[in-house]
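Numbered from 1 within each chain, the chains take letters A, B, ... in sequence-line order.
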2 protein chains.
Amino acid sequence: MSDKRVTVIDIAKAAGVSKSTVSLVLQGSPLVNESTRTKVSAVMRDLGYVYNRGAANLRQTGSKTRIIGVVVNDLTNSFFAELAVGVDMVVQSAGFVQFLSNTSESIDRQREVIASMREHGISGLIVSPARGTAAADFKPLVAAGIPVVAVVRGLPGARISSVLSANMEGAIEAVRHLATLGHKRIAFMGGFANTEVFRERLAGYRQAMEDLGLGFSEDLVIASAPSRAGGVDAVGRAMAMPDRPTAALCFNDAVAFGACDGLRARRLEPGEDFAVIGFDDVIEAGTAVPALTTVAVDPQGMGRRAAQLLLKQINAGKPEPETIVTAVRLVVRESCGAHRGPVDVEQMRKKA
Amino acid sequence: MSDKRVTVIDIAKAAGVSKSTVSLVLQGSPLVNESTRTKVSAVMRDLGYVYNRGAANLRQTGSKTRIIGVVVNDLTNSFFAELAVGVDMVVQSAGFVQFLSNTSESIDRQREVIASMREHGISGLIVSPARGTAAADFKPLVAAGIPVVAVVRGLPGARISSVLSANMEGAIEAVRHLATLGHKRIAFMGGFANTEVFRERLAGYRQAMEDLGLGFSEDLVIASAPSRAGGVDAVGRAMAMPDRPTAALCFNDAVAFGACDGLRARRLEPGEDFAVIGFDDVIEAGTAVPALTTVAVDPQGMGRRAAQLLLKQINAGKPEPETIVTAVRLVVRESCGAHRGPVDVEQMRKKA
DNA sequence: CTGTTAGCGCCTTCAG
DNA sequence: CTGAAGGCGCTAACAG
């Protein structure tokens, strides 16, 4: 039952070579004879040798553990699960492994898991900071030369790259789209005003409304829970207004679907008398739903993007310029009624 | 910019002690004087020392890396995301860290990530095996004395512990519950017959129906996509039957919610003329939905359970008896109509 | 209670 | 192309 691990020295002995030779084989060095290489490999297989990265890192200069730390604030939210999947994809195919931890929005836990990850010698870190995280918390990491990239939530002040969603730009795009369809009274539905994301999306809505000369009015901002039920509620209040809106930008997909539910109950096909666009936070992923135009913030894509950015920094040695990448996309999942249109705008922005 | 890492020897020098003393402090040994301990700790903080677990594991006997590998077949599915959260909870509070990888049902990827995890010296592995995984694939792991526990899908033949959901027992429980409410014609709705899970749940349904003397008929098994849309469809077909059923056990929560949607569209309050119970696979987690009785397979709970099992094995040295834990729970999220009832049955089973 | 001496498993010169 | 040393950062025995 091999309570004793087999080491390079064991396989060297068994293959009748020196341990250096074995080491060279391990690293695929071209300095080793083909016949000896195959022989050594065979012995490794036979003895069930497993490479010990811990030992390797110890010797190696720079401690390249090929471990990527991923810290998210709420893995229960499928947005972050998708994000982790995206990260995992590129991380795996680059031959790295992923440490994943969930902070549940606890800043203490965040500190703990990051400390733990450091002790394990992570090569880089991708983090969606818990609420209230200070930029200074990442000072030691970057000082130690460990690349860090922030996702979803930025860390203003910390000199690190981030991948954020362009909430404001997305909202503008969405409102413009509704305007080109002829809508004038466009509401903003769902969400609570105490989050950064809400403010950004609302700001985009407001700016677009003003730029288009449609004007901004508090009356058209209909707050509600950012859930399906909230959407039903919000659309109900919208329809009850004296001068009722004909379209709405919804805070997220749950609200949008709720709005559609509400419209359907009123025997209005979605998009017929009332057009709905929602930010797609993939809260309702996988649900079979009716046609809906969405502003997609692709979490998996964000994860991939973040991982790519991180790997680039890891490979490039240390000093990489701070980069901010943002992305949104206006998509029609299925066209229907007034939603039919030439929409599939992709927008990517980079700032140095 | 500390391009040079600080080591025990540095802090020993700075604190005027030997490195062993520092090591003892690190391990919280009681053999060290309180005054020196505080002094050493202070120096560690000042110099920004970070513990190097890699080096420690190398020296330590038994290679206790305190890394737990977690491999799931589909992290995109929120069931598994929840599972990972559950694992992470107990893993974190036990001072371990979690390697998480997604196989996307690819058996090759699974092999790769597990190999990679072994090289990193994981202390244990929790795996939801990709479809087609052979029990033999885990032979080397267990031979090396690394505890493995399977979740969600078992690995018959491999001598490892598992945490599975009691699909059959849950179905029986659910049908019994409907029967106590007076229902006689109870349908089984949703899902496709080609999965193990479907077979288990259907088997439970069948057995309960027969045991209760209600009889089993293929007519009452209404297959459909395991989605919300599938539920709408299925309930439609059920209502169109000549001798229509008055209740249904649904394959999962999505189907159940779809069924409720369908009933609502027909102006039937759920539970009024037609009672619905669904297996809760948390596909529709977070959605605000109407009252529904569900058979809950709590993924987070399964994760926690699996992690506990694993940690027990890790702490207990090696030879732990193979354990199979299964759990389901019948719950009412919110009572409504005919669903009102004394239901909150928990059922746990262990087999040695 | 503290210091000294050996390595853990691997990778890197540096000579053969 | 291969072998012989040395050391990465830490801990395990022992001595003091």
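Checked by atom type, the side-chain pair B/Asn57/B/Thr65 shows no donor-acceptor distance below 3.5 Å. For the residue pair B/Ser23/B/Gln27, the side-chain donor-acceptor check at 3.5 Å is satisfied. Checked by atom type, the side-chain pair A/Ser128/A/Asn73 shows a donor-acceptor distance below 3.5 Å.
Atom NE2 of A/His120 is separated from atom C1' of D/dG9 by 15 Å (rounded to the nearest Å). The interatomic distance linking B/Asn52 (CG) with C/dG9 (C1') rounds to 14 Å, in whole Å. A straight line from NZ of B/Lys64 to C1' of D/dC10 spans 17 Å, rounded to a whole angstrom. If you take CG of B/Asn33 and P of C/dT2, they are 5 Å apart, rounded to a whole angstrom. Between B/Ile11 atom CD1 and C/dG3 atom P there is a gap of 12 Å when expressed in whole angstrom units. Taking atom CG of A/Leu26 as the reference point, atom C1' of C/dC10 lies 9 Å away to the nearest angstrom. The distance between atom CD1 of A/Ile9 and atom P of C/dG9, rounded to the nearest whole Å, is 9 Å. Summarising the geometry, the separation between CG on B/Leu58 and C1' on C/dC11 is reported as 12 Å, rounded to the nearest angstrom.
Looking at B/Lys13 and B/Asp10, no side-chain N of the basic residue comes within less than 4.0 Å of a carboxylate O on the acidic one, giving no salt bridge.
For residues 134-155 of chain B, every residue pair satisfying the salt bridge (Lys or Arg N to Asp or Glu O under 4.0 Å) rule, not counting sequence neighbours, is listed here: B/Glu105-B/Arg153.
Less than 4.0 Å separates DNA chain D from at least one heavy atom of each of the following residues of residues 36-51 of chain B: B/Tyr49, B/Tyr51.
A donor-acceptor pair under 3.5 Å is formed between the side chain of A/Ser93 and the backbone N or O of A/Met89. Although no hydrogens or angles enter the test, the distance criterion places a donor-acceptor pair under 3.5 Å between the side chain of B/Ser123 and the main chain of B/Arg66.
Counting heavy atoms from C-beta on, the side chains of A/Leu311 and A/Phe96 come closer than 4.5 Å.
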DNA chain D in dot-bracket form (Watson-Crick or G-U pairs under 3.5 Å, [ ] crossing, | inter-strand) is |||||||||||.||||
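Here B/Ser23 reaches the OP1 or OP2 of D/dT11: one of its side-chain N or O atoms lies under 4.0 Å away. Between C/dT12 and A/Gln27, a contact under 4.0 Å exists linking OP1 or OP2 to a side-chain N or O.
For A/Phe99, the ring pair (Phe, Tyr, Trp, His ring centres under 6.0 Å) partners at least two apart in sequence or on another chain are A/His120, B/Phe99. Remark: B/Asp88 pairs with B/Gln92, B/Gln98 by the side-chain hydrogen bond (donor to acceptor under 3.5 Å, both in side chains) rule, at least two apart or across chains.
Of all the heavy atoms in A/Ala84 and B/Leu75, the pair that sits closest is CB-CD2, 4.1 Å.
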Could I get a table of every N or O pair under 3.5 Å where one atom is in the protein and the other is in nucleotides 3-7 of chain D?
from	atom 1	to	atom 2	distance (Å)
D/dG3	OP2	A/Ser18	N	2.6
D/dG3	OP2	A/Ser18	OG	3.4
D/dG3	OP2	A/Thr21	OG1	3.4
D/dA4	N6	A/Ser20	OG	3.0
D/dG6	N2	A/Arg59	NE	3.2
D/dG6	N2	A/Arg59	NH2	3.0
D/dG7	N2	A/Arg59	NE	2.7
D/dG7	N3	A/Arg59	NE	3.2

